[in-house]
Structure formats: structure tokens, C-alpha cells
Amino acid sequence: MVRAALEGKVWHGELTGIRSGGETFRADLLGTPIIGRDGRVLGMMAAVTAGRVKDERS
């Protein structure tokens, strides 16, 4: 995600996260570059949200 943002590209994907108790969950990630008026990448903005909100025990 960082490499894509530094290249001026948007990255979106889903990964597995691990909670402090060891339980895993799906996380939706989005990384976008912050581009200055001169076209240079100044930084990046990232957002992480919980993925599938479904009780998988059933």
C-alpha cells in the first residue's frame, strides 16, 4: 500500500488482522496519495475498516 501511494497510485484490498486476544478478522484497507500542486507525492492517507461483519460461528 505504501509503495503504491508513493508512486502516486491508489491501493485498495482486504487483509487479515489479528485482535489483541488472538482472534482474526478481515480488514478493508484503502491507501491514497496526497499530491502537491507540483505533482510530487507529499504523503499518503490510509483508512482501515472492519471487513465482513458476519458471525461465522453459524
Side-chain angles (χ1 to χ4, degrees):
M1 175 172 46
V2 173
R3 183 177 299 142
L6 291 174
E7 292 174 355
K9 302 173 185 173
V10 174
W11 187 92
H12 181 242
E14 190 175 89
L15 298 173
T16 299
I18 303 174
R19 292 190 169 87
S20 59
E23 180 184 358
T24 61
F25 66 96
R26 299 302 292 171
D28 187 62
L29 296 118
L30 174 66
T32 60
I34 300 169
I35 300 174
R37 292 183 182 180
D38 61 359
R40 292 185 328 156
V41 176
L42 302 174
M44 68 174 270
M45 181 176 75
V48 180
T49 56
R52 301 175 190 136
V53 183
K54 175 184 136 188
D55 187 351
E56 296 183 6
R57 290 177 287 180
S58 46

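Numbers here simply count residues along the sequence, with the first being 1. Computed over heavy atoms, backbone and side chain alike; hydrogens, waters and symmetry mates excluded.
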Other members of the hydrophobic cluster containing I18, with the 4.5 Å side-chain heavy-atom rule, please.
none
Residues forming a salt bridge (charged side-chain N to carboxylate O under 4.0 Å, His left out) with R40, sequence neighbours excluded:
D38
side-chain contact (heavy atoms from CB on, under 4.5 Å) partners of E23, counting only residues at least two apart
R19
Side-chain contact test, heavy atoms from C-beta onward, threshold under 4.5 Å: evaluate it for L29 versus L15 and give yes or no.
yes
Heavy-atom closest pair, residues P33 and A5
CB-O, 3.3 Å
Identify the two heavy atoms, one from A27 and one from V48, that lie closest to each other, and give their separation to 0.1 Å.
CB-CG1, 4.1 Å
Partner residues of T24 under the side-chain hydrogen bond (donor to acceptor under 3.5 Å, both in side chains) criterion, sequence neighbours left out
none
For the pair M44 and M1, evaluate side-chain contact (heavy atoms from CB on, under 4.5 Å) and give the outcome as yes or no after the intermediate values.
CA-CA 10 Å; M44 68 174 270; M1 175 172 46; 4.0 Å; yes
Apply side-chain contact (heavy atoms from CB on, under 4.5 Å) to L30 and list each qualifying residue two or more places apart in sequence or on a separate chain.
V10, H12, T32
Going by the rule side-chain hydrogen bond (donor to acceptor under 3.5 Å, both in side chains), which residues pair with R37 if we only count those two or more places apart in sequence or in a different chain?
none
